[in-house]
Structure formats: C-alpha cells, structure tokens
Amino acid sequence: MDTEFIEDGKTIDLISIGIICEDGREFYGINWNCNFELANNWVKKNVLAQLPFRPCDLPSLTHGEPINNWYNRTDLAKEVAIFLGCDYLGLGKKPAFALRNDAPKPEFWGYYADYDWVVFCQMFGTMMELPKGFPMYCRDIKQWCDQLDNPKLPEQKKGEHNAIADARWNKATWEYLRKLEEDMAFARQPISFKPGKIVPVLDDVAVQERDDDDE
C-alpha cells in the first residue's frame, strides 16, 4: 500500500492511494475532495504533476464509473473496503464496513508507513471505525529492511511519488525481502552429509569429508 498526501504538521489530507495485493490485483484512487490549494511546492512538483486531469464536477459512482480514477471521498473509502473484501453495512453504522467471512484478513505493508496508515484509517473515520476485521496496525517494509541489516533494495525506475507506482515497488521490495529472509534462514541451518560425498555450500566451495580409513 502507498498513499500521497498533504500535511502541515497538524492534519493529513489524502491525495491518492494505491494498493497491490499479493495475488496481483490493483486498486488506484484519487481523492477529488482533497484541498489541493494547501499543497507546498514540493508536493505540487513531485505529486500533483503526475495526477491525471481532475474532473470539474464532483464524481459519484451513482452516475457511473470513476473518471481517471477520481472519486469523492465517501466513494473512495467504500471502493477500498470492497476491494479488500468487505461488505457495506449501511449509512449510520459504525463501522460502516465489515470483512466478509470468506475473505482473507488483510495484512497491510507500506514503506515508511506511519503517515500512510493514519491517512488510510481516516478515510473511514476514527480508528474505531476501521472496517471490522481489519488489523489496527500496518507493517513497515523499512523496519523489516533494518532487521535484515539494510540490504540494497530494488531500484524504482519510474513513477516515484505516484501512489500506484510506489505500491508496485513496495510489493516488489516485500517479495525481495521475503526471499532474502528465506535464504538467510536456510544459510543458518546445519548441513549434513555422508562421508566421501561432495557437498556444495553457500559460498560455492566444495567440501569433502574424509573417510574413516584416512583418519
């Protein structure tokens, strides 16, 4: 998951959100209700410049499909919840969404994800209004990277600060770290072999155990 947002040290206003599932499904939505006038020059140059043309009229899913991934804030929260396996419980319900019984419980990952998680949760209201069944925390790829001694991560070749492009990079990086962690765990396992057999070890050196007759 990745988001782009405007923040002033007191509030965070969602610009856009990108979500990539482990099975490859994608969701990208842009918040039409964001107050873009509050964007600083860095956000204007690096984030807003990448957004598609903004519709003049407030988009509504009751009038058809979103235009260029623009949603009003209410529809955006609903579409995210449905995309992640929730049912809509109706207006006035708190929470307004609940994870379906047949849907897997999501596990959220982001990169330097603290603000991403806050602005994600605020789509639904307070923390207590998160869709029922969602975890109340987000896992951080950067923390995982620290635990693995900060390996060099895959390069993001284009689209940085575009929420869907960053989410794709997050997924690729998550997959890279998972493979790295598996390889590191394998390297710590003891290697057993029979006398007289050539056994390759992880540093590509071949080891031959001496036969009893040679001792």
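Note that this is a predicted model, so its numbers are computed, not measured.
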Is any side-chain heavy atom of [X] less than 4.5 Å from a side-chain heavy atom of [Y]?
{"X": "Trp42", "Y": "His161", "value": "yes"}
{"X": "Phe36", "Y": "Ile15", "value": "yes"}
{"X": "Pro151", "Y": "Leu180", "value": "yes"}
{"X": "Cys121", "Y": "Phe134", "value": "no"}
{"X": "Asp183", "Y": "Lys179", "value": "yes"}
{"X": "Leu14", "Y": "Thr3", "value": "yes"}
{"X": "Cys138", "Y": "Asp116", "value": "no"}
{"X": "Thr11", "Y": "Ile6", "value": "no"}

Kindly check if the number of other-residue, nucleotide or ligand heavy atoms within 6.0 Å of [atom1] ([X]) is above 12?
{"X": "Asp149", "atom1": "CG", "value": "no"}
{"X": "Met128", "atom1": "CE", "value": "no"}
{"X": "Asp57", "atom1": "CG", "value": "no"}
{"X": "Asn40", "atom1": "CG", "value": "yes"}
{"X": "Lys93", "atom1": "NZ", "value": "no"}
{"X": "Ile67", "atom1": "CD1", "value": "no"}

Could you tell me whether [X] and [Y] make a salt bridge, using a distance below 4.0 angstrom between a side-chain N and a carboxylate O?
{"X": "Lys142", "Y": "Asp140", "answer": "no"}
{"X": "Asp8", "Y": "Lys10", "answer": "no"}
{"X": "Lys171", "Y": "Glu26", "answer": "no"}

Once rounded to the nearest 0.5 Å, what's the spacing between atom [atom1] of [X] and atom [atom2] of [Y]?
{"X": "Asn31", "Y": "Asp75", "atom1": "CG", "atom2": "CG", "value": "11.0 Å"}
{"X": "Leu89", "Y": "Lys132", "atom1": "CG", "atom2": "NZ", "value": "8.5 Å"}
{"X": "Tyr111", "Y": "Ile141", "atom1": "OH", "atom2": "CD1", "value": "8.5 Å"}
{"X": "Met123", "Y": "Glu79", "atom1": "CE", "atom2": "CD", "value": "11.0 Å"}
{"X": "Glu160", "Y": "Asp2", "atom1": "CD", "atom2": "CG", "value": "10.0 Å"}
{"X": "Arg139", "Y": "Trp174", "atom1": "CZ", "atom2": "CH2", "value": "10.0 Å"}

Taking [X] for its side chain and [Y] for its backbone only, find out whether a donor-acceptor pair lies under 3.5 Å.
{"X": "Trp169", "Y": "Pro154", "value": "yes"}
{"X": "Glu129", "Y": "Thr126", "value": "yes"}
{"X": "Asn68", "Y": "Pro52", "value": "no"}
{"X": "Arg54", "Y": "Trp32", "value": "yes"}

Is there a chain of hydrophobic side chains (I, L, V, M, F, W, Y, each step under 4.5 Å between heavy atoms) that links [X] to [Y]?
{"X": "Tyr137", "Y": "Ile19", "value": "no"}
{"X": "Val118", "Y": "Met127", "value": "yes"}
{"X": "Ile82", "Y": "Trp70", "value": "no"}

### Message
Is there a ring pair (Phe, Tyr, Trp, His ring centres under 6.0 Å) between Tyr71 and Phe83? Walk through the geometry before answering.
### Response
CA-CA 14 Å; Tyr71 297 83; Phe83 175 78; over 10 Å; no

Aromatic ring pairing [X]/[Y], orientation class (parallel under 30°, perpendicular over 60°, tilted between):
{"X": "Phe124", "Y": "Phe97", "value": "perpendicular"}
{"X": "Tyr115", "Y": "Phe5", "value": "tilted"}
{"X": "Phe120", "Y": "Trp117", "value": "parallel"}

Do you know which two heavy atoms are closest between [X] and [Y], and how far apart they sit?
{"X": "Leu177", "Y": "Leu148", "answer": "O-CD1, 3.8 Å"}
{"X": "Lys105", "Y": "Leu99", "answer": "CA-CD2, 3.7 Å"}
{"X": "Ile17", "Y": "Ala163", "answer": "C-CB, 3.8 Å"}
{"X": "Leu58", "Y": "Asn72", "answer": "CD1-CB, 3.6 Å"}
{"X": "Gly29", "Y": "Phe27", "answer": "N-CE2, 3.7 Å"}
{"X": "Gly18", "Y": "Ala167", "answer": "O-CB, 3.5 Å"}

#### Entry: Donor on one side chain, acceptor on other, Asn162 and Asp166, under 3.5 Å
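Asp166 and Asn162 do not have a side-chain donor-acceptor pair below 3.5 Å.
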
### Message
Walk me through whether Thr173 and Asn170 qualify under side-chain contact (heavy atoms from CB on, under 4.5 Å).
### Response
CA-CA 5 Å; Thr173 302; Asn170 287 352; 5.6 Å; no

